[in-house]
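Working notes, beginning with the structure itself.
Naming convention: chains lettered A, B, ... in sequence-line order (proteins, then strands); numbering from 1 in each chain. Computation of the quantities below employed the complete heavy-atom set of this structure, encompassing side-chain atoms and omitting hydrogens, waters and symmetry-equivalent molecules. What you see is a predicted model; the values in this text were computed from it and never measured.
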There are 2 protein chains.
Amino acid sequence: MNYAVILNVLGNFLRFLGLIMIVPLLVAFHYRDPLLPFAVAIVITGTIGILLSHRYRAEGEWTTKEGFAIVAFGWFTAALFGSIPFMLDGIGPLNALFESMSGFTTTGATILQDIETHSRSILFWRNMTQWLGGMGIIMLFIMILPKLGVAGRQLFRAEVPGPTEDKIKPRIRGTARILWTVYVVISIIQTVLLMLAGMDLYDAVTHTFTTMSTGGFSPYSQGIAAFDSPLIEGIIVLFMFIAGANFALHYRTLYIDRYSLLKDNEFKFYTVIILIATALLTFSLWNDMGENILTSFRYAIFQVVSITTTTGYATTDFNLWTDPARIILLAVMFIGGCAGSTAGGIKIVRFLLLLKYSRNALFRSIHPKAVKPIKCNNRTVPDDVMQAIVSFVVIYLMIFAMSTALLSLMGMELISSITASIATLGNIGPGFNAVGPLANFDVVPPLGKLLLIANMWVGRLEVFTVIVIFTPEFWKK
Amino acid sequence: MNYAVILNVLGNFLRFLGLIMIVPLLVAFHYRDPLLPFAVAIVITGTIGILLSHRYRAEGEWTTKEGFAIVAFGWFTAALFGSIPFMLDGIGPLNALFESMSGFTTTGATILQDIETHSRSILFWRNMTQWLGGMGIIMLFIMILPKLGVAGRQLFRAEVPGPTEDKIKPRIRGTARILWTVYVVISIIQTVLLMLAGMDLYDAVTHTFTTMSTGGFSPYSQGIAAFDSPLIEGIIVLFMFIAGANFALHYRTLYIDRYSLLKDNEFKFYTVIILIATALLTFSLWNDMGENILTSFRYAIFQVVSITTTTGYATTDFNLWTDPARIILLAVMFIGGCAGSTAGGIKIVRFLLLLKYSRNALFRSIHPKAVKPIKCNNRTVPDDVMQAIVSFVVIYLMIFAMSTALLSLMGMELISSITASIATLGNIGPGFNAVGPLANFDVVPPLGKLLLIANMWVGRLEVFTVIVIFTPEFWKK
């Protein structure tokens with residue numbers, strides 16, 4: 001293990017984080033909020049970053065192992081240092097880490113009881129952590145994970161613009177710049193549209209931060225319900241939908257082939273799932289809860305897109321809906337968004353391939369000698385990719401089951417345990433009952449909060465990235 | 001499709017079923033119960049059986065397709081004709097089919113409200129359907145499914161005594177005789193032991209019927225709690241444990257190598273799961289419910305073995321336990337017993353192989369070039385077996401999710417919908433809440449009962465066997 005490389009990269013990363021914290025400092029200055037939380041955070045983060053990056057040199061070989069360590073510890077480091085402003089704002093260390101991890105993993109689960117009592121700049125930073133996390137996750141998914149062989153490398157690699165078979169280093173800056181440009185451009189468009197729809201600059205920027213990252217934090221405890229505007233909801237639905245799709249495809253659509261999205265199997269399946277779930281939920285709300293059909297549709301499409309893309313925004317307390325309606329939401333919680341997006345969850349492409357794989361096995365049970373490859377976007381899916389996908393789902397569901405059991409052992413009620421587990425592991429945010437959209441995660445006991453922090457971390461980094469560093473084999477020479 | 005073969009086999013099968021119904025007729029005669037229900041059932045079943053088997057000749061080729069059709073329709077036919085005595089006893093047709101399907105699939109879910117109001121002979125037949133179903137399932141799993149390539153053919157085929165690479169026909173009678181001998185011998189031993197422990201002949205036989213088949217019906221609405229005897233419970237735990245293990249291994253242990261069971265990976269994992277679940281449940285009952293430690297252990301081991309082996313007996317209303325205790329039971333509901341046993345569920349060997357497969361993928365993410373085969377009992381598991389296992393689990397969980405959603409759409413509460421689905425799909429019997437061990441399935445709406453009948457049928461026949469006959473490809477020439 002080349003520790004020097006890891007520490008050097010983490011050091012550079014902290015320098016960047018310290019630098020970016022100047023933005024909330026300026027916001028604090030503008031609103032005459034206390035400057036101390038950000039000033040201290042900048043000094044600590046920047047100093048440690050400079051010390052690390054100067055002390056350790058990025059020399060020698062990089063292997064897969066260093067890659068895993070950098071990603072896993074990098075996210076944890078971001079959550080840790082990102083929590084400094086929250087602590088200085090008076091939030092306890094465990095809660096601050098929870099909130100910060102929920103931010104950088106774009107989860108959106110909150111422990112804040114009265115959101116509006118916190119300063120505008122702190123809430124700005126809280127939402128900005130999600131936007132930064134979303135930026136990180138696009139880079140991770142499209143550029144780093146494929147190289148680490150996680151979660152079906154060839155599948156996602158092929159989507160990266162430009163030649164991809166060469167080493168990461170020479171192209172990493174170029175590809176990063178392209179993807180971030182797409183992310184920033186779409187973010188600017190959303191901000192402008194939200195302002196045209198009546199939001200002020202602060203609301204528009206903070207909500208763009210958490211839409212584009214499918215994070216779901218809001219400076220208001222009522223969330224999007226605070227605005228009660230069909231136009232704003234429509235804009236947010238559109239941009240959640242965009243953010244839940246593959247950003248490499250957005251790039252291709254914008255710069256190379258404008259039909260890229262429509263040709264993609266995963267994007268089609270994503271659209272179909274959202275349409276079916278919306279139709280079912282509209283029917284359920286209209287039929288069981290006696291809402292009028294338009295209102296039912298308005299609630300249904302917003303909530304389905306919000307949960308499928310793992311954003312977690314709410315326009316109403318969906319926890320009060322009937323069981324059939326809640327089951328639809330629970331189902332899309334497990335599915336999640338597209339690979340290469342900022343969404344979490346198991347991901348559409350994995351479901352799609354598992355379904356194809358199972359259909360293939362059914363076919364083989366009648367025609368045992370027929371060999372029919374599994375295809376996605378007209379390319380054959382190799383066996384090791386299928387193994388990676390299956391293993392991902394197995395480990396994901398095991399972690400979910402263990403987390404549910406542990407929370408319930410800590411005294412949480414069953415439905416709350418189930419949904420708190422999937423809402424953090426899938427980086428969604430709110431669950432049902434005790435952790436519903438109008439409740440918050442402060443009811444979870446301290447040990448449970450640690451568990452949920454781990455869930456968010458593990459779920460965001462596609463499980464393998466974090467799990468491997470806890471295996472003895474990882475640390476063997 | 002060779003329909004003549006299918007109808008001929010079904011005809012012969014009905015002749016056998018008609019013949020075996022003489023047993024409950026004799027029981028009815030002994031207890032001076034009405035003879036009509038069985039007499040009519042024998043005449044109808046026997047006549048149709050004779051007509052079919054004479055009209056159609058088993059000539060020409062058998063392919064996999066005929067095998068699937070015979071198994072799937074055979075079980076359904078058994079449930080259909082086996083329900084005649086129930087209907088003549090005054091139970092409505094849908095409920096009679098539910099009870100009979102629950103019998104032949106060794107599920108144990110009941111729609112009877114006051115079990116004791118039914119005659120001794122009807123209750124004898126009810127329990128006997130499970131014993132017959134258990135006999136069928138052993139034959140199916142060890143001899144037929146491996147030939148049909150379902151659920152990992154090589155894995156189970158290797159366990160069959162004698163040379164196995166030749167055609168089914170020449171050896172089918174020999175192997176069947178051996179396995180049934182084992183089943184009958186163990187059943188007789190259990191009956192004798194239960195009588196020594198204080199049961200009368202009727203109770204001993206009827207409970208042996210439903211222990212050996214891991215079915216779980218009882219002529220008493222209190223189930224095993226009616227006896228309140230630690231000795232009887234101990235005997236039942238032992239024989240449920242035996243019935244939940246592979247019968248081919250029992251044969252090997254008895255006649256070839258007495259260490260066969262102890263050498264088997266699945267049996268070891270089965271034992272470990274039961275021990276861990278029992279320890280956790282004992283702790284939970286002792287800690288959360290204030291039971292003394294011995295009583296906790298008594299309840300815990302009985303319930304864990306009963307649910308893991310998918311028997312479904314209860315010595316107490318486990319529905320009243322705390323959530324952590326119920327989660328332990330819910331977890332073992334999904335796991336189920338060993339392959340080649342009378343137990344249902346996903347099965348231990350599938351979990352074991354999925355875990356090995358996922359560990360393998362984790363290892364490969366660090367060492368991408370290392371090729372490490374997945375082994376079970378020192379033999380390499382081929383890729384198509386892994387695909388069959390993965391696909392089984394995917395389809396199983398999809399059916400579970402759809403069933404849960406449909407039941408909840410019919411107005412059932414969430415936990416009841418979840419557990420009614422898994423309890424029927426896994427052939428367990430009771431669930432929680434509305435379908436708990438002291439409640440019954442009559443609360444389910446008619447459409448829901450049909451769905452649960454389908455669940456039992458699909459779950460018992462290892463999913464694929466039933467699902468394929470509903471694909472258009474199956475009926476193509």
Side-chain angles (χ1 to χ4, degrees), chain A residues 63-65 68 148-151 153 280 284 288 322-324 326-328 330-331 334 351 354-355 357-368 383-384 386-395 397-398 401 404-405 408-415 417 464-465 467-468 471 473-474 476, chain B residues 63-65 68 148-151 153 280 284 288 322-324 326-328 330-331 334 351 354-355 357-368 383-384 386-395 397-398 401 404-405 408-415 417 464-465 467-468 471 473-474 476:
Chain A
T63 69
T64 320
K65 286 189 182 181
F68 277 114
L148 300 183
V150 166
R153 67 200 93 161
L280 288 174
S284 169
D288 302 348
T322 57
D323 275 343
R326 302 207 302 169
I327 284 177
I328 296 166
L330 193 59
F334 279 91
F351 268 94
L354 277 181
L355 290 181
Y357 193 62
S358 307
R359 245 194 73 192
N360 188 289
L362 261 184
F363 177 80
R364 268 167 76 157
S365 69
I366 321 175
H367 305 287
D383 284 347
D384 61 335
M386 274 315 309
Q387 180 176 6
I389 289 170
V390 168
S391 309
F392 173 91
V393 176
V394 170
I395 297 175
L397 292 179
M398 274 178 53
T404 302
S408 117
L409 266 177
M410 294 173 198
M412 276 181 79
E413 164 271 337
L414 191 53
I415 301 284
S417 302
F464 276 38
T465 323
I467 297 291
V468 285
T471 61
E473 250 144 13
F474 186 78
K476 261 188 216 155
Chain B
T63 68
T64 320
K65 285 189 182 182
F68 277 115
L148 300 184
V150 166
R153 67 203 94 165
L280 289 174
S284 168
D288 302 346
T322 56
D323 274 343
R326 301 207 303 169
I327 284 177
I328 295 166
L330 193 60
F334 279 92
F351 267 95
L354 277 181
L355 290 180
Y357 193 63
S358 307
R359 245 194 73 192
N360 188 289
L362 260 185
F363 177 81
R364 269 167 77 158
S365 69
I366 321 175
H367 304 287
D383 283 347
D384 60 337
M386 274 314 310
Q387 180 176 6
I389 290 171
V390 169
S391 309
F392 174 91
V393 176
V394 170
I395 297 175
L397 293 180
M398 273 177 53
T404 302
S408 117
L409 265 178
M410 295 173 199
M412 278 183 78
E413 163 270 339
L414 190 53
I415 301 283
S417 302
F464 276 37
T465 323
I467 298 291
V468 282
T471 62
E473 250 144 14
F474 186 78
K476 262 189 217 154

So which part of [X] gets closer than 4.5 Å to some heavy atom of chain A, the side chain, the backbone, both or neither?
{"X": "B/Met398", "answer": "side chain"}
{"X": "B/Ser417", "answer": "neither"}
{"X": "B/Leu409", "answer": "both"}
{"X": "B/Ala401", "answer": "neither"}

Exercise: identify the closest heavy-atom pair between [X] and [Y]:
{"X": "A/Asp323", "Y": "B/Met412", "value": "OD2-O, 4.5 Å"}
{"X": "B/Ile366", "Y": "A/Lys65", "value": "CG2-CE, 3.4 Å"}
{"X": "B/Ile327", "Y": "A/Thr404", "value": "CD1-O, 4.1 Å"}
{"X": "A/Phe363", "Y": "B/Glu473", "value": "CD1-OE1, 3.1 Å"}

Contacting region of [X] [heavy-atom separation from chain B under 4.5 Å]:
{"X": "A/Leu414", "result": "both"}
{"X": "A/Asn360", "result": "both"}
{"X": "A/Ile415", "result": "side chain"}

Quiz item: Side chains of A/Ile395 and B/Leu362: closer than 4.5 Å at any heavy-atom pair?
Solution: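 Contact flag for A/Ile395/B/Leu362 side chains = yes.
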
Quiz item: Roughly how far, to the nearest 0.5 Å, is the CZ atom of A/Phe464 from the CZ atom of B/Arg364?
Solution: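 The distance works out to 10.5 Å.
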
Practice problem: For chain A, find which of B/Ala331, B/Ser284, B/Ser408 contributes the most heavy-atom pairs closer than 4.5 angstrom. | Solution: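 Most pairs with chain A among the choices: B/Ser408.
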
Quiz item: Applying the side-chain contact (heavy atoms from CB on, under 4.5 Å) test to B/Ser358, which of A/Val390, A/Val393, A/Val394 qualifies?
Solution: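 For B/Ser358, the side-chain contact (heavy atoms from CB on, under 4.5 Å) check succeeds only for A/Val394.
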
